[in-house]
There are 2 protein chains.
Amino acid sequence: MESKTHQVECHNCRLANGCLAKGLDGDEIKQLETIISHKRPLKPSEFLYRQDDQAQSLFVVKSGSFRSTVLDAEGIEHTVDFHLPGELIGLEALQKGLFRGSVEALETASVCELPLAQLSPLSSKIPGLQSQLLHIIGSQFAAQHDRAALLGNHPASEKTARFLLMLSHRYSNLGYSSTEFNLSMPRYHIASFLCLSLETVSRQLGRLKEKGLISVQKRGIHINSLESLKSSI
Amino acid sequence: MESKTHQVECHNCRLANGCLAKGLDGDEIKQLETIISHKRPLKPSEFLYRQDDQAQSLFVVKSGSFRSTVLDAEGIEHTVDFHLPGELIGLEALQKGLFRGSVEALETASVCELPLAQLSPLSSKIPGLQSQLLHIIGSQFAAQHDRAALLGNHPASEKTARFLLMLSHRYSNLGYSSTEFNLSMPRYHIASFLCLSLETVSRQLGRLKEKGLISVQKRGIHINSLESLKSSI
DNA sequence: CGGGTCGTTGATGAGTTTCAATGATGGTGG
DNA sequence: CCACCATCATTGAAACTCATCAACGACCCG
């Protein structure tokens, strides 16, 4: 059974507050739950969808993390973004009903599925849902602005520090530690996201470690002082 | 009078087909026109809005072109995007009601203003408007994916060629020539967008000229062969 | 115990930035 | 009307960052 529906309960989901359900009353949440389905969890490096797939749904990350990529005309893959719990994925399909990039689980991960055909009418019916949808869309545009500032014309050292600070910030928003976390992606993905080579990323992490700003052990990151790391930029 | 309302007529606007009015019937367009206002045209390098301004409205480019920028924590400016006629600006404000970047006219330019307070209720009332709004939002996300592929890990020569091809494509969609156009921005803005130095941009344009792929005279660009330019990447 | 993936580290060279000088253009005021 | 200034673009030379190539070690899983 490909898309067996698992248990669905927005009303006691710890993410509901940053999710579509935010600001809805009990009855509205029930209506929302009726259109949400949960696919089985994805395994590491399994694809949620692939570029040019027909899009029937949007997705919200429930657990784990994802990476979204695009292939350019020459078949070179670029990492567009990483997605943590609570984030909405697939908005680029609103244009033509096709996904414009691929999304791949970085670890065991799960999503809530929001069928487009039902989301749109429901959001007309529930004003709070529409406004929350627009709010989330706005966050994504805002995040892109931040990303532009992160990736823009900076030396590798700064890109790396900024990358860690971005993750720190996002984990902190999710209620996790802002100073201690595990990278869910290999160096190669970070490099592709930052437009650097994987060796450079590795070396820059090493430098930050030498300076005493962070501790690194493979995927494990500990930021010794957020302030010093920021001011190192 | 700061925001004097100029003549508003979506129904005979040549851009209406790629704009919010697309797919609406005559009566619906009339309703849309009632909430749209036109500010006086902006002069070159005049700001449409500035980062952290309170956002009352979204904007659609009616004529001319714009550049959107963000300041990072260090006060360094990054060019996020260029905006041509028909494009919707300001979506990042849907999150918190604040603009997350600045938008600046590159030449004499005008916009249609869409007050957020009225747009949202109207789109609930007119299903076609809501779906067109979502469609446009989707295009912007799709465009970001394309931009990621454009800017990603490529040598300066490719970035420059891709940049020209992107503009060519966008002008062509607007009904202008895809092989002959004027850059509305100085080299410095192109450089900031492509994460290069302005000298590098200048040199790369020079190289493309030497190779016979394009003609350049300051802001004037003529692409001798789109196909050769593409295959040069 | 192999074999694969992943991360680190070193040496080298290419590509890009930076600094600097010069030329073209357009607007302004004498 | 022309000189002057500011802005923008081009070009050169030098310095440096970063990518590439390569080797090695750590780890995990079959």
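Numbered from 1 within each chain, the chains take letters A, B, ... in sequence-line order.
No salt bridge links B/K62 with B/E87; every basic N to acidic carboxylate O contact stays at or beyond 4.0 Å. Using a 4.0 Å cut-off between a side-chain N of Lys or Arg and a carboxylate O of Asp or Glu, A/E180 and A/R219 do not qualify as a salt bridge.
Listed by residue number, the members of residues 63-75 of chain A with any heavy atom below 4.0 angstrom from DNA chain D form an empty set. Interface residues of residues 193-213 of chain B facing DNA chain D, ordered by number: B/L198, B/E199, B/S202, B/R203; criterion, heavy-atom separation under 4.0 Å.
Within the 6.0 Å centre-distance limit, the rings of A/F141 and B/F141 are counted as a close aromatic pair.
End-to-end axis angle for the helix from C/dC1-D/dG30 to C/dG30-D/dC1, using five pairs per end and rounding to 10°, comes out at 40°.
Rounded to whole angstrom, the span from the CD1 atom of B/I190 across to the C1' atom of D/dA9 amounts to 11 Å. Here C/dC6 presents its P atom at 14 Å from CG of A/L183, a figure rounded to the nearest Å. Spacing between atom OH of B/Y188 and atom P of D/dA9 amounts to 13 Å, rounded to whole angstrom units. Note: NE2 (B/H154) to P (D/dA19) measures 14 Å, nearest angstrom. Atom pair A/E158:CD and C/dT17:P shows a separation of 15 Å (rounding to whole Å applied). Regarding B/Q217, its CD atom lies at a distance of 15 Å from the C1' atom of D/dC8, rounded to whole Å.
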Would you check, one step at a time, whether the test side-chain hydrogen bond (donor to acceptor under 3.5 Å, both in side chains) holds for A/S172 with A/S178? CA-CA 5 Å; A/S172 156; A/S178 63; 5.1 Å; no

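Between B/M185 and B/F82 the shortest side-chain heavy-atom distance falls below 4.5 Å.
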Per-nucleotide protein contact string for nucleotides 23-30 of chain D, where B marks a base within reach and S marks sugar-phosphate only (heavy atoms under 4.0 Å, - for neither): --------

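Both A/M185 and A/N153 sit near DNA chain C, but only A/M185 has its closest nucleotide nearer the 5' end. For B/P155 and A/R219, each mapped to the nucleotide of DNA chain C holding its nearest heavy atom, the one lying further toward the 5' end belongs to A/R219.
For the residue pair A/S68 / A/H83, a side-chain donor-acceptor distance below 3.5 Å is found, with atom types taken as modelled. Judged purely by distance below 3.5 Å, without hydrogens or angles, the side chains of B/S65 and B/E107 pair a donor atom with an acceptor atom.
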Under 3.5 Å, which donor-acceptor pairs do the side chains of residues 188-202 of chain A form with other protein atoms, sequence neighbours left out?
from, atom 1, to, atom 2, distance (Å)
A/H189, NE2, A/R67, NE, 3.4
A/H189, NE2, A/R67, NH2, 3.4
A/S192, OG, A/T79, N, 2.9
A/S192, OG, A/T79, OG1, 2.7
A/S197, OG, A/T200, N, 3.3
A/S197, OG, A/T200, OG1, 3.0

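A donor-acceptor pair is defined here as one N or O able to donate and one able to accept, closer than 3.5 Å; no such pair exists between the side chain of A/H78 and the backbone of B/H145. In this structure a side-chain-to-backbone donor-acceptor pair under 3.5 Å is missing from B/S57 to B/E113. Side-chain atoms of A/E210 never come within 3.5 Å of backbone atoms of A/R207 as a donor-acceptor pair (strictly under, hydrogens ignored).
Put simply, the residue from A/Q95, A/Q51, A/E92 that forms a side-chain hydrogen bond (donor to acceptor under 3.5 Å, both in side chains) with A/R100 is A/Q95.
Applying the salt bridge (charged side-chain N to carboxylate O under 4.0 Å, His left out) test to residues at least two apart or on different chains, the pairs with a partner in residues 224-233 of chain B are B/E227-B/K230.
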